[in-house]
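These notes are about the structure you will find just below.
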Amino acid sequence: KLKGSWGVLNLNNERITPAQYFALTPSDGLIVASKRSASFQVTTGCIDAEGKTVIPFAYTGIKVHSMRVVAFVREGNLFKHGLIDLENKILIPFQFRNIYPIGSLRYAVEDFQGKTALYSESGKQISGFTIDSISQFSNNLAVIYEAGKQGLITREGELRSEAKYREIQVDQKSIK
């Protein structure tokens with residue numbers, strides 16, 4: 001840290017980047033970095049251990065999840081989330097309230113009406129926006145919650161059971 005800004009050093013105390021970042025946070029093999037612009041607006045991107053920009057500084061915030069990045073931008077009073085890959089290619093457009101991983105290669109995508117759909121890591125929509133919330137996948141099944149009831153969905157979006165039960169538990173060998 002130098003004069004209120006952060007830079008990157010290697011283990012030999014050699015400078016990799018100048019102290020130009022507002023914040024640096026390691027994340028899944030990358031470094032999430034934030035910069036302040038001349039207008040004091042903070043933008044976020046990703047750099048690698050050599051200081052090269054991997055994801056441009058075009059986002060309000062970023063969360064790295066393996067080979068995918070959930071990023072968000074601010075539009076007025078709204079934060080709109082999207083999913084990008086490590087080449088900054090948009091996989092899920094920036095039009096959702098929230099996006100979060102729910103197992104390997106699957107994402108829960110919440111719209112601004114509070115409904116959630118299941119998406120693949122390539123950005124393909126797998127289910128409709130009918131789910132109130134969804135659990136992490138276990139044995140290729142996730143518990144879905146709709147109107148206070150629980151059901152089951154597969155990784156491919158197939159309803160194994162409609163949301164009609166008070167409680168469902170998935171363990172290693174059976175469904176209860």
Side-chain angles (χ1 to χ4, degrees), residues 1-112 114 116-127 129 131 133-143 155 172:
K1 187 170 185 179
L2 181 65
K3 296 181 184 176
S5 294
W6 293 93
V8 178
L9 301 173
N10 66 17
L11 294 175
N12 296 324
N13 205 25
E14 299 166 334
R15 182 180 294 179
I16 303 298
T17 69
Q20 62 184 356
Y21 301 105
F22 176 70
L24 294 172
T25 307
S27 182
D28 270 347
L30 295 174
I31 301 170
V32 176
S34 299
K35 290 183 177 182
R36 275 199 183 149
S37 67
S39 64
F40 295 101
Q41 188 173 11
V42 176
T43 58
T44 303
C46 285
I47 61 175
D48 63 16
E50 286 79 41
K52 294 182 183 117
T53 300
V54 176
I55 302 293
F57 290 84
Y59 303 101
T60 304
I62 286 177
K63 296 174 206 153
V64 180
H65 301 285
S66 187
M67 300 300 288
R68 298 293 183 253
V69 177
V70 175
F72 59 94
V73 295
R74 184 176 181 165
E75 279 187 23
N77 292 331
L78 294 177
F79 292 101
K80 294 187 173 184
H81 291 75
L83 185 72
I84 59 177
D85 64 15
L86 295 181
E87 280 83 45
N88 198 39
K89 177 184 171 204
I90 296 173
L91 304 172
I92 299 175
F94 287 81
Q95 61 187 35
F96 298 101
R97 176 185 284 171
N98 197 10
I99 298 176
Y100 53 93
I102 54 171
S104 65
L105 311 177
R106 293 295 180 262
Y107 290 86
V109 177
E110 181 185 354
D111 67 14
F112 282 97
T116 300
L118 180 63
Y119 276 71
S120 73
E121 80 288 353
S122 64
K124 180 181 179 230
Q125 187 172 345
I126 297 173
S127 76
F129 283 92
I131 303 166
S133 65
I134 186 169
S135 73
Q136 293 285 320
F137 277 97
S138 174
N139 292 330
N140 294 319
L141 292 172
V143 177
R155 295 174 53 77
Q172 295 296 337

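By convention here, the first residue in the shown sequence is residue 1.
Here the NE2-CD distance, from H65 to E121, works out to 14.0 Å after rounding to the nearest 0.5 Å. The CD1 atom of I31 lies 9.0 Å from the CD atom of E50; values are rounded to the nearest 0.5 Å. Taken to the nearest 0.5 Å, the CD1 atom of I84 stands 10.5 Å off from the CZ atom of R68. Atoms NZ and CZ, on K35 and F22 in that order, are 14.5 Å from each other to the nearest 0.5 Å. To the nearest 0.5 Å, atoms CD1 (I55) and CZ (F57) are separated by 10.0 Å. With rounding to the nearest 0.5 Å, the separation of CD in E14 from CG in L9 is 9.5 Å.
Between T44 and I62, the shortest heavy-atom distance links the atoms O-CD1, 3.8 Å. Considering all non-hydrogen atoms of both residues, W6 and K1 come closest at CZ2-CD, 3.5 Å. Closest of all the heavy-atom pairs between T17 and R15 is O-CG, 3.1 Å. Closest of all the heavy-atom pairs between I102 and Q136 is C-OE1, 3.1 Å. Contact between R155 and S104 at its shortest, heavy atoms only, is NH2-O, 2.7 Å. Contact detail for V109 and F129: the closest heavy-atom pair is O-CE2, 3.2 Å.
Put simply, the side chain of T116 never gets that close to the backbone of A108: no donor and acceptor are under 3.5 Å apart. Of the possible donor and acceptor atoms, none in the side chain of N139 sits under 3.5 Å from a partner among the backbone N and O of L141.
Contact annotation: the side chain of L30 approaches that of L86 to within less than 4.5 Å [non-hydrogen atoms, C-beta and beyond]. Counting only heavy atoms from C-beta outward, the side chains of Y107 and L83 approach each other to under 4.5 Å. With a 4.5 Å cut-off on side-chain heavy atoms, R106 and S120 count as touching.
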> What's the verdict on side-chain contact (heavy atoms from CB on, under 4.5 Å) for Y21 and I47, showing C-alpha distance, side-chain angles and the deciding distance?
Replying inline: CA-CA 11 Å; Y21 301 105; I47 61 175; 3.8 Å; yes

>> Please determine whether side chain to side chain donor-acceptor pair (under 3.5 Å) holds for the pair S27 and T25, giving the CA-CA distance in whole Å, both sets of side-chain angles, and the decisive distance to 0.1 Å.
In response: CA-CA 6 Å; S27 182; T25 307; over 6 Å; no

Validation: residues 87-97 side-chain donor-acceptor distances under 3.5 Å, sequence neighbours left out:
| residue | atom | partner | partner atom | Å |
| --- | --- | --- | --- | --- |
| N88 | OD1 | Y59 | OH | 2.5 |
| R97 | NH1 | E110 | OE2 | 3.1 |
| R97 | NH2 | F112 | O | 3.2 |

